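Taking it in order: structure first as C-alpha cells, then the write-up.
The chains referred to below are lettered A, B, ... by the order of the sequence lines, with proteins before strands, and numbering in each begins at 1. Below, each value reflects all heavy atoms present in this structure, side chains not excepted, and no hydrogens, waters or symmetry copies. This one's a predicted model, so the numbers in the text were calculated from it and none came from an experiment.
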Amino acid sequence: MGIKDILIERIAAAMQAAGIPSDCSPMLALSGKSQFGDYQANGAMGAAKQMKTNPRELAQKILDKLDLDDIAEKVEIAGPGFINISLNKHFLAGQLTAKSEQITAKPQTVVIDYSSPNLAKEMHVGHLRSTIIGDALARLLEYQGHSVIRQNHMGDWGTQFGMLIAELELHLGEGDQANLALNDLEVFYQQSKKHFDADPEFADKARAYVVKLQSGDAHCRKLWQKFIDVSVAHNLEIYKQLNVGLRKEHIAAESSYNDDLGNVLSSLLEQGIAVDSEGAKVVFLNELADKNGEPSPMIVQKSGGGFLYASSDLACLRHRVGTLQADRILYFIDARQSLHMKQVFITGRKASFVPPTVSLEHHPFGTMMGADGRPFKTRSGGTVKLADLLVEAVERAEKLVREKNPDLDDSEIKLIARKVGIGAIKYADLSKTRTNDYIFDWNAMLSFEGNTSPYLQYAYTRIRSIFRKAGIEAEGFSAPVSIEQAQEKALALKLLQFNEVLDQVAADCYPHILCTYLYELASAFMSFYEQCPVLKDGVDSATQQSRLQLCALSATTLAQGLNLLGIEVMEKM
RNA sequence: CCGCCCAUAGCUCAAUUGGAUAGAGCAUCCGCCUUCUAAGCGGAAGGUUCCAGGUUCGAGCCCUGGUGGGCGGACCA
C-alpha cells in the first residue's frame, strides 16, 4: 500500500471515530507549499459544512482520533481547517526499501482504440496524438496488470478506395510494378484524385469499383489487397520508428466488420431504434436533442443502401463487447469526433450491444498547431507527413548531440540522436493536457531545458554515470536509506508517489500528469545531485550507500516512467 | 439557427477536478564549474486567470449573461 492509501485509511477511520458520516472523504492532497507539510487533508471543511459545525473544531476532533506517530513527524491544523501532515524521515526511508510492484487489485480486459489511420493516404501529423497517447495508456495499463487489447481501427473501406483501385489498375495495365507505383502513397493519391476529377469515365469506374469491392468482386478485391498491403507496411514502419507497440496483429480494419453491418441494421430496425427517413435508415436520439427539442440524427444506412462509419462503429462495438469481452473500451480519437462518439455510445447502449457494466470512454484530444497558432502545415501549406517529421527530429537531435558531446563515436551519436529526437516529439505531445490544442515547437522540445524529454534522459544518464564511475551494478542494488538532507527527503517522497500517479493516469487517461511527475522527479534528483555528493571525498560509507540507493531508485523510476510513455533512455548523451 | 470545446506571466504550458499567498520552463537580470556530465543548480523580477454578475467558510475551476476564437451538426470519415 502506498503512502496516500495509508493516510486515507487512517484519516477516514479517525473521521468516522469523530462521528463524521462515512460518505465524507478525507480529501487528501499533496501540499502546495512546503510550509504546509507533505500532504494535506481537506475533508474537515466539507464535513463541517454538511454537519453545520465549526470546521476548525471538527478538524481538532479528527486529530484527537488520529494516530500517525509512526508516519508523521508533525500534524497540525491550519487556516479554516486544513490538516497538514509532515512525514517522518524514518518512515519514508522504510517505505523506500519496502517498495513493491504495482499490480492492480482488479484486473480488467481493456480494449484500446488508437492510431487508426486512413490507409488511402500516408500517415501525417494528424495521426500522431492518437498513436502515442493511446500507446502510452496501453503500456501503462498493461504494466498495472490489466489485459490490454490494442485495436488499430484502420480506414480501409471508404469511398476513396474505388478511386485508388481504378488508379492502380491503370498503372498495372501500363506494365508498372505495384510496389513502384505505390512508392509514394501521397503522390499516388493525388494522381488518382486528378483522374477522378478530370475524367468522367474514370470517375464512373471508380464509383462502380466501390460497390464491386464491397460485394466481394475478386478482381477489385485483389487490387485492393495489393494497395492495402503497401499502405499497411508503410504504417508499420512508422510505428517501428516511433517506438509504438502496434503490430500487424492489432489491426482490426473497418472492412473486417463488413459482414456484420446487415445484422446491426436489422437489429436496430427490429428494436425500433432506427427508422426510415427520406429513404435512409436513421437513428434519432432524443438524448442529444437541442433546446428546441430536435433530436440528433445519425444515419446508419444511406438511401442507396450503402453503409457509413456509424454502422461499422456499431458493429465494431459488438465485436469488442461480444468477442473480445471488454470491461472497458477506450477511444483515443480527435475531439472533432465527439458528437459522433456520443451518438455511437448512446445507440450501442440503447440497442443492448453494450451492457451497463462495460465502460465506454471517448478520450478526445486537441489539434497540433504551428508557431502561428494555426494547424501545423508545411511552408507551402500542405499536410506534414509523419515520416518526414520523424526524420527531421532525428536530424535535429543529431546536430545537437554532436555539438554538446563531440567525444562520442559516430554509432553512439546515431543511436542517441534517434532516442532523443523521437522522445522529444513524443514527450512534447504527451506532456500537454490532452484535450487542448498545443503548439508544436522544435526549439522548445529539443532545448534540453525545462519539461522536456532530453532533460529527463539527461537526468538518467547522470545517474548511470555515477554507477559507471563507482564500478557498481545499479540493477538490483540494495542498501538501507537514511534521510538527512532536505533534498534527500524531497527525492524520497517523489519516488514513493510513482504508483499513485500511475493510478491517476490509468483512471483519467491524462498522460501529462505522468510527465509532470517525471519532470518533478528529475528536478528533485538534480537538486539532490548538486547538494548531496555520492562518490566524492569525505562522504562516509553509510551515507554513500544510502545515496547510491536513492540514485538507483531514481534511475529505475525514471526509466520505467519514460518506458510507459514509449520513450527510451541511454547510458550517455 | 443549434451543439461541443477553448481563453491563465511578454512566450510555451501547469494548477491533484471547490482549497491556503495561482505554479514551472523559456526570454530578462544576479550568483555557482581545479571536485560524480554546467545539456546542470540557486536566486530576482514578472498576474484584474477575457468581461459582468451569482452560489459559499473558500471560485482559474461550479451557475447565469456577454465578448473573442476553434470545431462539429442528415447520405465522407
With ring centroids as reference points, do A:Tyr309 and A:His340 lie under 6.0 angstrom apart?
yes

Is the charged tip of A:Arg434 near the ring of A:Phe365: under 6.0 Å from the six-membered ring centre and within 45° of its axis?
no

B:A20 base stacked by A:Phe82 (centroids within less than 5.5 Å, tilt under 30°):
yes

What about A:Lys342: does its side chain form a donor-acceptor pair under 3.5 Å with the base of B:G3?
no

Write down the distance separating the P atoms in B:C57 and B:C1, rounded off to the nearest Å.
40 Å

Hey, does A:Ser277 reach any base, or is it just sugar-phosphate, or nothing, if we go heavy atoms under 4.0 Å?
base

Report which part of the nucleic acid A:Pro533 touches: base, sugar-phosphate, or nothing (heavy-atom distance under 4.0 Å, all strands).
base

Under 4.0 angstrom, heavy atoms only, what part of the nucleic acid is A:Asn84 near: base, sugar-phosphate, or nothing?
base

Answer yes or no for this row: A:Phe448 ring on B:A39 base, centroids under 5.5 Å, planes under 30°.
no

Under 4.0 Å between any heavy atoms, over every strand shown, what does A:Lys432 touch: base, sugar-phosphate, or nothing? Just pick one.
sugar-phosphate

Return the orientation label for the A:His124 and A:His127 ring planes: parallel under 30°, perpendicular over 60°, tilted otherwise.
tilted

Quick check for you: among B:A39, B:G40, B:A20, whose closest atom lies nearest to any side-chain atom of A:Asn405?
B:A39

